[in-house]
Amino acid sequence: PTTSIMKTFFALASLCASASAFAPAAHSAVETRLFDKINTKIDLDSPKVATMDKLSNGDKKVYCRCWQSGTFPLCDGSHMAHNKETGDNVGPLIVSVAKAEE
């Protein structure tokens, strides 16, 4: 009886393993991000895209974090369409400097 159960188990395990080899791979958004490039259009020949900026007293800037902005590195709101298409929840980085007290 135990041998028969083990044979059945191994037969089912083999069947599942071979069937999964032909099944299409389903990737979650997190898995896709780990393996696919996020930046598909900005300074692609550079080994790293880095931006340096200065802010003065009272300044406020909104920076892109979705890599879709036509005004990169500044945000143009492209993340809204990106989020709708992908189910993502990315938004901009907002940086401000308080006005100097006089």
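These numbers come from the heavy atoms of this one structure, side chains and all, not from hydrogens, waters or symmetry mates. Computed from a predicted model, the values in this text were never measured in an experiment. The first residue in the sequence is number 1, and the count goes up from there.
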Do you know the tightest heavy-atom contact between V49 and I42?
CG2-O, 3.7 Å
Transitive ILVMFWY cluster of V62, excluding itself - 4.5 Å side-chain cut-off:
I94
Could you pull out the closest heavy-atom pair between G91 and H79, with the gap in Å?
CA-CD2, 3.9 Å
By the salt bridge (charged side-chain N to carboxylate O under 4.0 Å, His left out) test, which pairs, at least two apart or in different chains, include something from residues 44-64?
D53-K61
So, using side-chain hydrogen bond (donor to acceptor under 3.5 Å, both in side chains) as the criterion, who are the partners of K41 when residues are at least two apart?
none
Kindly compute the distance separating CZ (F72) from OG1 (T51), expressed to the nearest 0.5 Å.
5.0 Å
Excluding sequence neighbours, so at least two apart, what forms side-chain hydrogen bond (donor to acceptor under 3.5 Å, both in side chains) with T71?
S69
Minimal non-hydrogen separation, H82 against C66, with atom names:
CD2-CB, 4.5 Å
Under the salt bridge (charged side-chain N to carboxylate O under 4.0 Å, His left out) rule, what pairs show up with a residue in residues 66-87, not counting sequence neighbours?
none
Which other residues belong to the hydrophobic cluster containing L44, where Ile, Leu, Val, Met, Phe, Trp and Tyr are joined when side-chain heavy atoms lie under 4.5 Å apart, directly or via other members?
none
Which other residues end up in the same hydrophobic cluster as L93, if Ile, Leu, Val, Met, Phe, Trp and Tyr are linked when side-chain heavy atoms come under 4.5 Å apart?
L55, Y63, L74, V95, V97
